[in-house]
Amino acid sequence: MAAEAAGGAGPVPVPPASPGGGVPAPRRSPEPVTGRRAKSVTRTRRSLAVLFLLPALVLLGALVLYPIVWNVVRSLFDSSGDGFVGLGNYREMFSDPNIRTAIKNNAIWLVVAPTVATALGLVLAVLTERIKWGTAFKLLVFMPMAISMLASGIIFRLVYEQDPDRGVANAVAVTVHDTFAESSAFPKAHPRPRSALEAVKGGAFVTKEPVRGGTSVLLPLVGVAPDVMPDSAKPAAAPAAPGEGGGITGTVWQDFTKGGGGTLDKVDPKELGYPGMRVEAVKDGEVVASAKAGADGRFTLPAKADGSQLRLPADNFREPYGGIDWLGPSLVTWSVIGAYVWMWAGFAMVLIGAGLAGLPRELLEAARVDGAGEWQVFRRVTVPLLAPVLGVVLVTLMINVLKIFDLVYVIPPGSARDDANVLAVELYNTAFVDGDAGVASAISIFLFLLVVPVMLLNIRRLRRERKEERR
């Protein structure tokens with residue numbers, strides 16, 4: 001009755017109750033079937049990804065893939081590009097002594113440079129963690145990375161200068177050498193022809209006849225430029241009169257008068273003595289007495305020198321130490337590698353330092369609590385935990401040194417450039433200096449094949465790390 005009064009209609013149908021006693025959800029009408037397959041969300045996303053990647057893929061093909069294919073084809077033709085020679089360029093490449101030297105040097109670079117730079121970066125990263133001014137130190141070590149390879153090459157060309165007055169490396173080497181073995185001030189001194197002195201084996205000079213006690217001896221020398229005479233040299237003086245004991249006196253001096261004049265084999269007032277010149281009395285092959293000349297060149301030997309020959313030892317005429325021939329044929333490659341390590345050790349240090357900062361400190365502290373020393377903690381805990389980072393740094397530097405060019409092109413002088421040759425420099429010289437595009441293309445393909453294994457090793461390492469992270 002109430003329902004009829006309220007609505008004026010028939011009874012309202014009540015939906016059947018659900019088995020659980022609750023009110024059932026409203027029934028949904030079925031979606032209309034259009035006959036077309038619904039789009040896959042995944043497929044749509046892949047299409048969009050390909051669409052966005054298409055410009056990059058086009059550039060990759062134009063700038064990377066096409067040059068590689070073109071170089072492979074070009075390496076099969078002669079220098080003009082008209083005659084097909086097959087593998088002739090590759091045979092010529094391996095028969096050329098310059099290219100064989102470049103391959104050998106590249107092998108040295110590949111083994112030495114990345115290993116030394118990574119090891120040095122590891123040591124620096126560990127040490128800088130223990131000092132208060134570690135950030136400033138890292139900045140100084142990393143600063144060479146801000147310098148271009150060309151500028152670094154010019155810097156180290158000056159560092160390795162042979163002249164100690166210009167080259168820092170040889171200035172240090174000469175200083176250290178002269179600290180333990182002082183150079184002579186008279187390297188060019190020698191007697192005149194038909195003098196009382198004669199040269200003997202080993203660079204020394206001896207008197208032709210024995211000298212008797214109670215006499216005076218003149219030992220004239222020439223060959224030292226007046227402007228390089230020691231500052232302590234004074235005008236030469238005639239020998240002092242022998243004493244009653246039968247000793248021997250004498251003078252050793254520069255028998256040359258600047259501006260001309262003077263008398264040979266006679267001490268003139270304008271001539272200088274040889275201060276510090278060592279004089280030995282030799283009898284039956286043994287030194288029985290010795291003395292050093294004063295600032296005026298005079299010396300005195302005791303009576304036991306009677307009947308001996310006077311000898312000026314070779315040490316008096318030793319050439320001054322000129323330093324190390326850093327850019328000579330035997331050391332030039334190692335010197336350039338040293339410049340490379342100076343630049344890239346900072347790069348290795350920063351990456352390894354970042355990995356070191358993420359190490360779990362509780363493992364290091366646990367090792368120390370168990371009694372491990374710092375060296376054991378470094379070798380058995382720190383290095384194994386840093387192995388992935390060390391691998392990244394090592395592989396990156398290996399790829400980098402395979403294409404090294406700037407330092408090798410700038411640092412070595414012309415006389416040693418062939419000895420320091422690497423494949424990238426040889427590729428440039430063959431293509432742009434010799435004009436042989438065929439052999440240059442063969443070198444580029446060979447260099448590419450050397451880089452591929454290192455890249456595959458890096459990809460394999462990345463995949464292995466991803467698998468470990470998923471676990």
Side-chain angles (χ1 to χ4, degrees), residues 67-68 70-79 81 85-118 148-150 152-154 156-157 160 325-344 394-457:
I68 293 175
W70 186 88
N71 265 290
V72 171
V73 175
R74 186 64 182 84
S75 67
L76 304 177
F77 289 81
D78 59 10
S79 59
V85 295
L87 299 178
N89 289 325
Y90 293 92
R91 287 193 294 268
E92 182 178 349
M93 178 180 70
F94 287 106
S95 62
D96 190 329
N98 287 336
I99 300 179
R100 288 204 301 267
T101 301
I103 295 173
K104 181 194 73 174
N105 289 337
N106 263 104
I108 295 174
W109 272 91
L110 187 63
V111 173
V112 176
T115 304
V116 174
T118 304
S148 69
M149 297 282 274
L150 178 63
S152 297
I154 295 174
F156 273 86
R157 179 67 180 270
Y160 291 135
D325 191 8
W326 298 103
L327 299 181
S330 59
L331 291 179
V332 61
T333 296
W334 303 98
S335 299
V336 180
I337 290 176
Y340 178 88
V341 171
W342 176 77
M343 290 191 63
W344 287 86
L394 193 63
V395 171
T396 303
L397 294 180
M398 289 174 67
I399 295 174
N400 186 268
V401 300
L402 280 173
K403 56 182 183 178
I404 189 70
F405 174 83
D406 311 67
L407 293 178
V408 182
Y409 190 79
V410 174
I411 294 178
S415 58
R417 186 160 292 174
D418 291 340
D419 299 286
N421 202 14
V422 292
L423 287 173
V425 175
E426 183 62 27
L427 170 61
Y428 174 84
N429 291 333
T430 303
F432 300 106
V433 178
D434 300 336
D436 193 341
V439 176
S441 298
I443 297 174
S444 68
I445 296 302
F446 179 69
L447 188 57
F448 171 75
L449 294 177
L450 291 179
V451 176
V452 167
V454 183
M455 296 177 61
L456 294 177
L457 179 65

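- In this structure Tyr90 satisfies the ring pair (Phe, Tyr, Trp, His ring centres under 6.0 Å) test with no other residue, sequence neighbours excluded.
- Atom OG of Ser79 sits about 7.5 Å away from atom CZ of Arg74, to the nearest 0.5 Å.
- Within the 4.5 Å cutoff, the side chain of Trp326 has no heavy atoms near those of the Trp334 side chain.
- Using a distance-only test at 3.5 Å, with no hydrogens or angles considered, no donor-acceptor pair links the side chain of Asp434 to the main chain of Asp436.
- Residues Tyr160 and Leu331 are not in side-chain contact: their nearest non-hydrogen atoms beyond the backbone lie 4.5 Å or more apart.
- Scanning all heavy atoms of the two residues, the minimum distance from Pro412 to Ala416 falls at CB-O, 4.2 Å.
- The side chain to side chain donor-acceptor pair (under 3.5 Å) search around Thr118 returns none, not counting sequence neighbours.
- Here Asp78 pairs with Ser80 under the side chain to side chain donor-acceptor pair (under 3.5 Å) rule; sequence neighbours left out.
- One finds the CE atom of Met398 at 4.5 Å from the CG atom of Leu110 (value rounded to the nearest 0.5 Å).
- Annotation: side chain to side chain donor-acceptor pair (under 3.5 Å) contacts involving residues 396-411, sequence neighbours excluded, comprise Tyr340-Asn400.
- When all heavy atoms of Arg157 and Ile411 are compared, the closest pair comes out as CD-O, 2.9 Å.
- Distance check: Leu87 CG to Glu92 CD gives 13.0 Å after rounding to the nearest 0.5 Å.
- The line from OG of Ser152 to CH2 of Trp344 is 10.5 Å long, rounded to the nearest 0.5 Å.
- Under the 4.5 Å side-chain criterion, counting only non-hydrogen atoms from C-beta, Leu397 is not in contact with Thr115.
- Under a 3.5 Å cut-off, the side chain of Asn71 and the backbone N or O of Pro67 do form a donor-acceptor pair.
- The CG atom of Leu450 sits 12.0 Å away from atom CD1 of Ile399, with the distance rounded to the nearest 0.5 Å.
- For residues 419-432, the side chain to side chain donor-acceptor pair (under 3.5 Å) pairs, not counting sequence neighbours, are Asn421-Glu426, Glu426-Thr430.
- For the side chain to side chain donor-acceptor pair (under 3.5 Å) test, no residue two or more places apart in sequence or in another chain qualifies with Asn105.
- Atom CG of residue Leu407 and atom OG of residue Ser335 lie 12.0 Å apart, to the nearest 0.5 angstrom.
- Between Pro329 and Val332, the shortest heavy-atom contact is O-CG1, 3.9 Å.
- Val341 and Ala113 get closest at one heavy-atom pair: CG2-O, 4.3 Å.
- Judged by distance alone, with hydrogens and angles left aside, the side-chain atoms of Asn106 form a donor-acceptor pair with the main-chain N or O of Leu423 at under 3.5 Å.
- For the pair Asn98 (side chain) and Asp418 (backbone), a donor-acceptor distance under 3.5 Å is absent.
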